[in-house]
Number of protein chains: 2
Amino acid sequence: MESRCENCIIRQFNSLRAMSKEELKRVSDSKTTRVIKKGEPIFKEGEKLDGVFCVREGVSKLSKLSANGKDQIVKLASKGEVIGQRSVVAEESVNLSAVAVSDMEVCFIPKEGIVSTLHTNPNFTLEVLRHMAHDLKEADDVIVNMSQKNVKQRMAEAFLYLKNNFGEDEEGFLRLVLSREDISNVVGTAIESCIRIISEFKKKGYLKTSGKKIGIADEKALNNLIEGF
Amino acid sequence: MESRCENCIIRQFNSLRAMSKEELKRVSDSKTTRVIKKGEPIFKEGEKLDGVFCVREGVSKLSKLSANGKDQIVKLASKGEVIGQRSVVAEESVNLSAVAVSDMEVCFIPKEGIVSTLHTNPNFTLEVLRHMAHDLKEADDVIVNMSQKNVKQRMAEAFLYLKNNFGEDEEGFLRLVLSREDISNVVGTAIESCIRIISEFKKKGYLKTSGKKIGIADEKALNNLIEGF
DNA sequence: ACAGGAATATGATATTTATCAGGTTTTACG
DNA sequence: CGTAAAACCTGATAAATATCATATTCCTGT
């Protein structure tokens with residue numbers, strides 16, 4: 001592994017930036033880099049993790065399987081995010097599965113370096129805490145959306161979320177391409193309903209599509225829909 | 001305020017137990033105790049908090065108002081829990097409103113004592129972090145339940161949750177008495193649907209009622225329902 | 001290039017859930 | 001104690017959503 005954490009820009013986006021030089025060196029010496037192909041799992045619900053994964057490239061879905069066989073996507077993690085943190089911090093098995101939704105490159109950081117720094121460097125611990133506080137707020141928002149918005153509104157939100165977090169290509173299509181099934185698992189609805197609503201939005205001129213690619217054609221209309229107009 | 005944090009048993013249940021004697025003394029000197037009557041607010045969504053609230057007695061609902069005027073209850077906090085922590089840690093305004101659902105006694109702890117300890121005592125910070133990690137896991141579970149279980153299943157879960165977290169009285173009724181409206185706001189459904197399902201569960205012998213009080217009569221049946229049988 | 005499978009799409013229908021409209025019971029309080 | 005308001009309940013209906021069935025299109029591996 002030639003690349004060192006000390007030189008990794010990704011680090012600026014996550015809690016690792018609060019580590020001291022020495023701590024970072026230790027982490028860098030122990031880390032390993034892995035390439036994960038689209039569709040491959042990083043870890044599965046219920047496993048014990050020996051460390052965390054820092055996303056260098058690509059996007060992972062974090063989801064939870066339910067009794068009826070569907071899985072709900074709780075979060076999409078991309079460049080700069082650290083996944084598996086909650087599990088390592090709480091010393092519990094992971095509550096979510098992580099699967100790559102695009103080709104990925106991640107660094108695996110064994111938990112020892114993380115845990116010892118948590119015990120000794122309050123700046124680092126506080127930084128991790130702040131990130132978790134942010135995640136918790138987002139989770140609260142998702143709960144409220146799930147229970148108070150209808151499927152169309154949640155679909156509209158999902159597309160705006162994808163635009164704001166993963167961007168668009170030159171032609172105005174969402175950069176992150178998800179299958180209809182993944183979209184329905186984000187929104188929490190049946191695949192057929194998801195597809196139907198995409199068709200409807202297309203007819204109304206809110207969206208455009210090209211194969212699997214989806215683009216936002218009328219952001220204002222989507223926003224109005226979310227607000228209930 | 002005669003009572004001191006150092007002697008408060010409540011402390012054992014939350015992150016304050018990781019504070020040193022001196023830190024705890026500072027907190028105790030700056031804290032104030034407040035009595036909050038059922039129905040009264042502790043804080044409202046969007047406010048800036050100058051500290052956290054440690055629950056000594058009673059239960060508070062943490063909820064978020066949505067565009068359509070309903071509010072979704074995200075969490076019920078009781079004895080020993082610290083509320084407002086997320087906001088203080090992230091240095092953001094609170095994302096939830098807190099209202100007492102029973103008469104309460106809470107200690108208000110100004111944030112200065114908390115924040116300075118967060119910066120200097122990694123054990124305390126880690127303890128807070130662990131609590132937040134736990135809350136985040138619970139929030140993830142709620143998201144999955146919301147999106148994958150139907151209203152009846154969520155109702156059944158809510159009653160079991162109330163039993164497990166707040167207990168039953170001598171006659172087997174749930175100790176925490178919530179209005180039908182509060183129950184519907186926990187479950188994320190219309191009041192009428194909530195009431196209808198309570199009636200149905202009563203007819204089927206899953207629940208018993210006495211005025212506003214609700215008791216679980218057939219826990220196994222409720223569990224089966226949740227599992228989808 | 002093409003066969004086969006997966007993903008996408010759409011219609012018909014069933015089920016779930018919300019909404020509206022009216023009741024009854026309980027509670028708060030002058 | 002009595003009255004008004006709030007909370008609770010029930011029925012009828014409408015709306016939202018899931019499910020089932022069946023095309024169609026797209027992609028993958030040989």
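In what follows, chains are A, B, ... by sequence order, proteins preceding strands, each numbered from 1. What you see is a predicted model, and the numbers here were worked out from it, not measured in a lab. These numbers come from the heavy atoms of this one structure, side chains and all, not from hydrogens, waters or symmetry mates.
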In residues 191-201 of chain A, what residues come within less than 4.0 Å of DNA chain C, judged by heavy atoms? A:E192, A:I195, A:R196, A:S199
Which of residues 165-182 of chain B sit near DNA chain C, with a heavy atom under 4.0 Å from it?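 Under 4.0 Å from DNA chain C: no residue of residues 165-182 of chain B.
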With a cut-off of less than 4.0 Å, is there a side-chain N or O of B:K212 near OP1 or OP2 of C:dT26?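 Indeed not, no polar side-chain atom of B:K212 lies that close.
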Counting only side-chain N and O atoms of A:K70, is one of them less than 4.0 Å from OP1 or OP2 of D:dT19?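 Answer yes for this pair, as a side-chain N or O of A:K70 is under 4.0 Å from OP1 or OP2.
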Rounded to whole Å, please give me the gap between [atom1] in [X] and [atom2] in [N].
X	N	atom1	atom2	result
B:K202	D:dT10	NZ	C1'	13 Å
B:M146	C:dT17	CE	P	12 Å
A:M155	D:dT17	CE	P	11 Å
A:R154	D:dA16	CZ	C1'	11 Å
A:K38	C:dA7	NZ	C1'	12 Å

Strictly by side chain to side chain donor-acceptor pair (under 3.5 Å), give each pair with a member in residues 213-229 of chain B just once, sequence neighbours left out. B:K163-B:E219
Between [Y] and [X], is there a salt bridge with N-O shorter than 4.0 Å?
X	Y	value
B:K61	B:D182	yes
B:K75	B:D135	yes
A:K152	A:E157	no
B:R86	B:E91	no

Going by the angle between their ring planes, with limits at 30° and 60°, are B:F53 and B:F108 parallel, tilted or perpendicular? tilted
